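As the structure is a computational prediction, the values presented were derived from the model and not from experiment. Worth knowing before you read on, the calculation uses all heavy atoms, side chains too, and leaves out hydrogens, waters and symmetry mates. Chain identifiers are assigned alphabetically (A, B, ...) following the order of the sequence lines, protein sequences preceding nucleic acid strands; residue numbering begins at 1 within each chain.
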2 protein chains.
Amino acid sequence: MQAEDRRVQIISRSTDLFLEQGFAGTSMSMIAKRCGITKASLYHHFNGKDELFVACVTSGYQRALDALTEIIAQADRPAGQKLAEAMTVLYDITISSSVGRMSPLIAEVSRTFPNVARSFHSEYIAPQQDLVWNLIEAGQASGEFKDLDRGLLFHMLFGPIVTLSLSREMFSTFDDLDEHFPVGHLRDGHLNVILGMLRKDR
Amino acid sequence: MQAEDRRVQIISRSTDLFLEQGFAGTSMSMIAKRCGITKASLYHHFNGKDELFVACVTSGYQRALDALTEIIAQADRPAGQKLAEAMTVLYDITISSSVGRMSPLIAEVSRTFPNVARSFHSEYIAPQQDLVWNLIEAGQASGEFKDLDRGLLFHMLFGPIVTLSLSREMFSTFDDLDEHFPVGHLRDGHLNVILGMLRKDR
DNA sequence: GTCTATATCACGATAGAC
DNA sequence: GTCTATCGTGATATAGAC
């Protein structure tokens with residue numbers, strides 16, 4: 001297999017394993033086996049486990065951010081409607097995409113590799129918040145939204161989503177997972193609360 | 001040292017280590033050294049690493065729940081005021097106490113030991129939610145609060161708190177941590193949003 | 001680019017003396 | 001209750017042939 005294709009495959013398979021078993025719980029042997037090669041071949045493509053993990057975290061950033069950018073860039077539509085679509089995307093990428101589900105993992109390794117947490121923040125969290133804030137400011141400029149503390153808005157907007165993702169990871173063995181944590185229902189109610197915070201009273 | 005004292009010491013020290021290094025990242029040797037004994041002595045008190053970890057998670061439950069119970073049981077006072085105090089306690093135990101900070105850890109081990117996640121939910125999360133819900137129902141009975149979907153309320157109430165705790169763990173190496181995540185400020189704004197959801201409109 | 005073979009080390013856990 | 005000594009395993013990582 002070509003080197004680049006192999007790299008992509010390794011990142012994909014090892015991301016799955018890290019999500020399943022955690023960082024320390026995933027060994028290079030397991031990764032090699034999952035890719036159908038030996039450990040020595042694996043080390044030909046990545047110098048070590050740390051480097052591979054960083055590649056896994058980093059590779060998911062752009063795709064997730066692109067989906068958000070697309071919504072912000074759309075032709076003029078009510079900010080409330082854009083926000084509704086943005087929140088749908090945020091729920092999707094936080095709960096279903098690898099980069100969103102990696103938050104607890106990054107917390108796990110952040111003490112050992114503080115750089116991972118820093119890059120996660122500066123290359124993913126901060127740009128994501130900036131994109132959402134652009135949307136909010138557009139709504140304020142058009143008079144649809146009122147002024148609101150940025151930190152508080154993100155606390156109320158991202159907080160429930162990230163916790164929902166964490167809960168679903170944590171209790172993934174529950175057979176009534178969707179009953180305990182019904183994503184669509186919670187997202188709709190959440191959106192209404194956020195709109196209530198943003199919309200000018202009467 | 002007496003067996004019981006030693007057990008307590010081991011649980012305390014190993015809880016710190018698990019929080020610092022994760023489950024797989026913490027070895028029995030590290031724990032023994034931190035306690036000033038050898039590995040063999042450690043195994044005299046706990047049959048294995050799993051058992052020790054479960055003891056760490058479990059030992060924090062009751063203290064955290066007691067603090068909440070105290071508030072609910074207080075003499076009659078406006079439900080809004082009780083809720084404000086309950087949220088202060090929830091922020092404290094989720095962000096500062098070991099059991100609150102253990103959520104990402106439990107997510108890490110939940111695949112390998114599903115029982116840990118189940119016990120965490122049934123012995124800590126569910127009772128905590130029941131206590132808060134008692135408070136809400138009292139407010140509804142007195143006419144102070146309106147009806148509200150239980151799942152949505154918990155989504156909006158616990159979500160931001162748990163995520164704030166996770167973020168502070170994840171970015172604990174940031175030197176401007178309290179500037180990025182000002183607990184008191186976010187808690188006050190959060191309370192107002194929750195009260196806005198619960199209070200009857202004019 | 002992939003392999004076999006191996007070096008080196010730390011892990012969880014145990015045996016048995018005191 | 002704590003110790004020294006050790007077993008067996010699996011971890012990261014490398015050497016060198018093809």
J.: Taking atom C1' of D:dT14 as reference, at what distance in whole Å does atom NZ of A:K49 sit?
T.: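 It is 18 Å, rounded to the nearest whole Å.
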J.: When the aromatic ring centroids of B:H180 and B:F171 are compared, is their separation below 6.0 Å?
T.: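 Between B:F171 and B:H180, which both carry aromatic rings, the centre distance is not below 6.0 Å.
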J.: To the nearest Å, give me how far apart CD (A:Q2) and P (C:dT2) are.
T.: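 To the nearest whole Å, that distance equals 10 Å.
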J.: Could you state the CE-P distance from B:M1 to D:dC3, rounded to the nearest angstrom?
T.: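 Atom CE in B:M1 sits about 11 Å away from atom P in D:dC3.
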J.: From the list D:dC3, D:dT14, C:dG1, which nucleotide is the closest neighbour of the side chain of A:A40?
T.: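 Minimum distance to the A:A40 side chain belongs to D:dT14.
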J.: Does A:T38 reach a base, just sugar-phosphate, or nothing at all? Heavy atoms under 4.0 Å.
T.: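 It contacts base atoms.
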J.: Between B:E4 and B:K39, which residue's closest nucleotide on DNA chain D lies nearer the 5′ terminus?
T.: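 That would be B:E4.
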J.: With sugar-phosphate meaning primed atoms plus P, OP1 and OP2, does A:S41 contact a base, only sugar-phosphate, or nothing at under 4.0 Å between heavy atoms?
T.: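 Base: the residue A:S41, judged by heavy atoms under 4.0 Å, touches a nucleobase.
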J.: Check the distance between C:dT4's P and A:L42's CG and give it to me in whole angstrom.
T.: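 A:L42 atom CG is separated from C:dT4 atom P by 15 Å.
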J.: Starting from C1' on D:dA11, measure out to CE on B:M28 and report it in whole angstrom.
T.: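 The distance from CE of B:M28 to C1' of D:dA11 comes to 18 Å, rounded to the nearest Å.
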J.: With respect to the side chain of A:R6, which nucleotide from D:dT12, C:dT2, C:dG12 is positioned closest?
T.: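 So the side chain of A:R6 is nearest to C:dT2.
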J.: Nearest to the side chain of B:Y43, heavy atoms from C-beta on, is which of C:dG12, D:dT14, D:dG1?
T.: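 Given the options C:dG12, D:dT14, D:dG1, the side chain of B:Y43 is closest to C:dG12.
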J.: Write down the distance between CD1 (B:I37) and P (C:dC18), rounded to a whole number of angstrom.
T.: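 Nearest whole value for this atom pair: 21 Å.
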J.: Using the side-chain heavy atoms of B:H45, tell me which of these nucleotides is nearest: C:dC3, C:dA13, D:dT2.
T.: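 So the side chain of B:H45 is nearest to D:dT2.
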J.: Look at the side-chain N and O atoms of B:H44 and state whether any lies under 4.0 Å from the OP1 or OP2 oxygen of D:dG1.
T.: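 Indeed, a polar side-chain atom of B:H44 lies that close.
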J.: Any cation-pi pair here, A:R118 with B:F174, using under 6.0 Å and within 45°?
T.: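 Judged by the rule, A:R118 and B:F174 form a cation-pi pair.
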J.: Test the A:K49-A:F23 pair against the cation-pi criterion, namely NZ or CZ under 6.0 angstrom from the six-membered ring centroid and within 45° of the ring axis.
T.: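 Positive - A:K49 is close enough to the ring of A:F23 and near enough to its axis.
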J.: Verify the neighbour count for atom CZ of A:R63: are there more than 12 heavy atoms of other residues, nucleotides or ligands below 6.0 Å?
T.: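 12 or below, so no.
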J.: Let me know the distance between CZ of B:F46 and C1' of D:dT2, rounded to the nearest Å.
T.: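 Result: 16 Å.
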J.: Whole-Å distance between D:dG10 C1' and A:Q21 CD?
T.: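 For the pair A:Q21 CD and D:dG10 C1', the rounded distance is 15 Å.
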J.: Counting only side-chain N and O atoms of A:S27, is one of them less than 4.0 Å from OP1 or OP2 of D:dA11?
T.: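 Result: yes.
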J.: Applying side chain to side chain contact (heavy atoms under 4.5 Å, CB included), run through A:F53 and A:T26 and close with a yes or a no.
T.: CA-CA 10 Å; A:F53 180 73; A:T26 302; over 6 Å; no
J.: Taking the side chain of A:S29 as heavy atoms from C-beta outward, which of C:dG12, D:dA11, D:dA13 is closest to it?
T.: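 Between C:dG12, D:dA11, D:dA13, the one nearest the side chain of A:S29 would be D:dA11.
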